[in-house]
J.: 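The structure follows.
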Amino acid sequence: MPELPEVETIRAGLEPHLLGQKITGITVLRPSQLRDISPEELSTQLIGKTINRLSRRGKYLLFYCSSELILVVHLRMTGQLLYYSAGKPAMVHTRLIISLEPPAELHFHDVRALGQITLLNSKQLSNWRPLLLLGPEPLGPDFTLEYFQQSLACRRAPIKNILLGQRIVAGLGNIYTDEALFKAGINPLRPANMLSEAQVQILWTAIRQTLTTAVADGGTTIRDYLNSSGISGSFQRRLQVYGRKGQKCRHCGSELVGCRLAGRSTVYCPHCQPL
DNA sequence: AATTGTACCTGTCAGC
DNA sequence: TGCTGACAGGTACAAT
């Protein structure tokens with residue numbers, strides 16, 4: 001479900017509620033969603049700790065707690081983090097509940113149960129494979145045009161696959177990849193190393209613009225996504241291609257075409273995004 | 001080494 | 001009214 005804009009919206013929404021809060025209880029309803037830690041161990045380690053900082057890396061949420069502990073959450077396709085200022089009963093798809101000092105609760109809700117939660121200390125975090133393999137933040141200073149050009153020059157896979165891969169740049173998923181490629185007028189099937197220098201520059205700008213707008217809109221709600229207060233995003237009204245296969249291109253009127261790339265459905269305009 | 005396919009889960013919707 | 005299959009904001013791991 002959530003890509004960078006959704007995860008960032010959740011992070012920003014939770015931050016004011018969670019900073020300085022003390023964890024008083026952990027209820028694990030679906031142990032298989034814990035990675036490399038048992039429910040008992042998670043409870044023992046976290047109870048009594050304070051949440052000091054909330055950050056995001058790619059699509060990972062990082063809860064920095066006292067005693068150098070970091071709770072790492074990945075929402076995958078349908079995960080949600082919902083904050084309640086009072087106790088709240090678990091629902092069918094509630095997978096984990098974090099109880100906080102005043103009677104407040106953070107619920108991890110996840111229909112498909114693909115989301116993952118783990119607990120690391122700061123040393124483990126700095127050696128944690130999934131984070132080490134992540135490319136730079138697309139809206140941060142390390143994602144320079146020069147870096148992007150060099151990274152694409154030696155890749156033969158379709159540009160869409162590269163953008164989805166998280167290794168060259170972190171945080172893009174199926175929605176924003178298709179939208180950024182449309183904005184840049186680039187065909188998703190085009191081999192990454194076949195883009196002209198001008199195209200790479202346009203794509204670099206398109207990625208950053210698309211994500212910036214989506215963050216400002218609080219993300220995209222298609223079916224599951226809700227922010228930490230249970231509110232929808234609004235970027236869906238700006239979608240140009242995602243989910244619009246067979247409909248008319250808003251720019252030229254051509255029929256939008258679909259294909260499958262990296263196992264994901266892909267939509268583009270054959271006229272505005274020629275191969 | 002890079003790239004692709006499949007598994008992990010559950011729910012929804014179209015078509016029969 | 002069911003049943004079946006395709007598909008859904010993602011990643012990890014095995015097999016090319």
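Note on naming: letters A, B, ... go to the chains in the order of the sequence lines (proteins, then strands), and numbering restarts at 1 for each one.
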J.: Between A/T220 and A/Y242, do the side chains contain an N or O donor and an N or O acceptor separated by less than 3.5 Å?
T.: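 No, no side-chain donor-acceptor contact under 3.5 Å.
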
J.: Please measure how far the P atom in B/dA7 lies from the corresponding atom in C/dG5, and state the result in whole Å.
T.: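 Those two atoms are separated by 15 Å.
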
J.: I want to check one thing: is the phosphate of C/dA8, taken as OP1 and OP2, less than 4.0 Å away from some side-chain N or O of A/T78?
T.: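 The answer is no; no side-chain N or O of A/T78 sits under 4.0 Å from OP1 or OP2.
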
J.: Regarding A/D110, tell me which of base, sugar-phosphate or nothing describes its non-hydrogen contacts under 4.0 Å with the strands shown.
T.: nothing

J.: According to side chain to side chain donor-acceptor pair (under 3.5 Å), who are the partners of A/R57, at least two apart in sequence or on a separate chain?
T.: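 Applying side chain to side chain donor-acceptor pair (under 3.5 Å) to A/R57 gives A/E137.
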
J.: In B/S/- notation, 5' to 3', how is nucleotides 11-16 of chain C contacted by protein heavy atoms closer than 4.0 Å?
T.: BS----

J.: Restricting to salt bridge (Lys or Arg N to Asp or Glu O under 4.0 Å), what partner residues turn up for A/R11, sequence neighbours left out?
T.: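 Result, salt bridge (Lys or Arg N to Asp or Glu O under 4.0 Å) vs A/R11: A/E8, A/E15.
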
J.: For a 4.0 angstrom threshold against heavy atoms of chain A, report the outermost contacting nucleotides of DNA chain B in 5' to 3' order.
T.: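 On DNA chain B, the outermost contacted nucleotides are B/dT3 to B/dG11.
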
J.: Throw together a table of side-chain donor-acceptor distances under 3.5 angstrom for residues 198-206 of chain A, partners on residues two or more places apart or in other chains.
T.:
from: A/Q199; atom 1: OE1; to: A/S196; atom 2: N; distance (Å): 3.0
from: A/W204; atom 1: NE1; to: A/F143; atom 2: O; distance (Å): 3.0
from: A/T205; atom 1: OG1; to: A/Q201; atom 2: O; distance (Å): 3.0

J.: Using the P atom in both, what is the distance from B/dG5 to C/dC7, to the nearest Å?
T.: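 Approximately 15 Å lies between the P atom of B/dG5 and that of C/dC7.
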
J.: Would the distance check show the side chain of A/R244 and the main-chain N or O of A/Q240 forming a donor-acceptor pair, the cut-off being under 3.5 Å?
T.: yes

J.: Determine whether A/R155 and A/I168 make a side-chain contact, defined as any pair of heavy atoms from C-beta on separated by less than 4.5 Å.
T.: yes

J.: What residues from residues 233-250 of chain A pass a heavy-atom cutoff of under 4.0 Å to DNA chain B?
T.: none

J.: Could you tabulate the donor-acceptor pairs under 3.5 Å formed by side-chain atoms of residues 249-258 of chain A, not counting sequence neighbours?
T.:
from: A/R250; atom 1: NE; to: A/L239; atom 2: O; distance (Å): 3.3
from: A/R250; atom 1: NH2; to: A/L239; atom 2: O; distance (Å): 3.0

J.: Sticking with atom P, work out how far C/dT11 lies from B/dT12, rounded to a whole angstrom.
T.: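 Each nucleotide's P atom is 24 Å from the other's.
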
J.: Would you measure the distance from the P atom in C/dA12 across to the matching atom in B/dG11 and give it in whole Å?
T.: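 That atom pair is separated by 24 Å.
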
J.: Looking at residues at least two apart in the chain, or sitting in another chain, which of them share a side chain to side chain donor-acceptor pair (under 3.5 Å) with A/K160?
T.: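 With sequence neighbours excluded, A/K160 shows a side chain to side chain donor-acceptor pair (under 3.5 Å) to A/N174, A/D178, A/T266, given in chain and number order.
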
J.: Consider only side-chain N and O atoms of A/D110 and A/T78, and report whether a donor and an acceptor are under 3.5 Å apart.
T.: yes

J.: Pick the closest DNA chain B nucleotide for A/G263 and for A/R155 by heavy atoms, then say which residue is nearer the 5' end.
T.: A/R155

J.: Contact class for A/S265 (heavy atom, under 4.0 Å): base, sugar-phosphate, or nothing?
T.: sugar-phosphate

J.: My understanding is that only residues two or more places apart in sequence, or in another chain, count here; which of them pass salt bridge (Lys or Arg N to Asp or Glu O under 4.0 Å) with A/R238?
T.: A/D217

J.: Do the side-chain N and O atoms of A/Y176 and A/E6 include a donor-acceptor pair separated by under 3.5 angstrom?
T.: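 Yes, because at least one side-chain N or O of A/Y176 sits under 3.5 Å from a partner of the opposite role on A/E6.
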
J.: Determine which bases of DNA chain B form Watson-Crick or G-U wobble pairs with both distances under 3.5 Å, and write the result as a 5' to 3' dot-bracket string with | for other-strand partners.
T.: .|||||||.|||||||

J.: Heavy atoms only, 4.0 Å cut-off, all strands: where does A/A157 land among base, sugar-phosphate and nothing?
T.: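 The residue A/A157 makes sugar-phosphate contact but no base contact.
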
J.: Tell me, please, which residues at least two apart from A/E101 pass salt bridge (Lys or Arg N to Asp or Glu O under 4.0 Å).
T.: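 Here no residue qualifies.
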
J.: Between A/F182 and A/C272, what is the shortest heavy-atom contact and its length?
T.: CE1-CB, 4.2 Å

J.: Across the strands shown, which category fits A/R30 at heavy-atom distances under 4.0 angstrom: base, sugar-phosphate, nothing?
T.: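 Counting heavy atoms under 4.0 Å across all strands, the contact made by A/R30 is with sugar-phosphate only.
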
J.: By the side chain to side chain donor-acceptor pair (under 3.5 Å) test, which pairs, at least two apart or in different chains, include something from residues 44-55 of chain A?
T.: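 Qualifying pairs, neighbours excluded: A/E41-A/Q45.
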
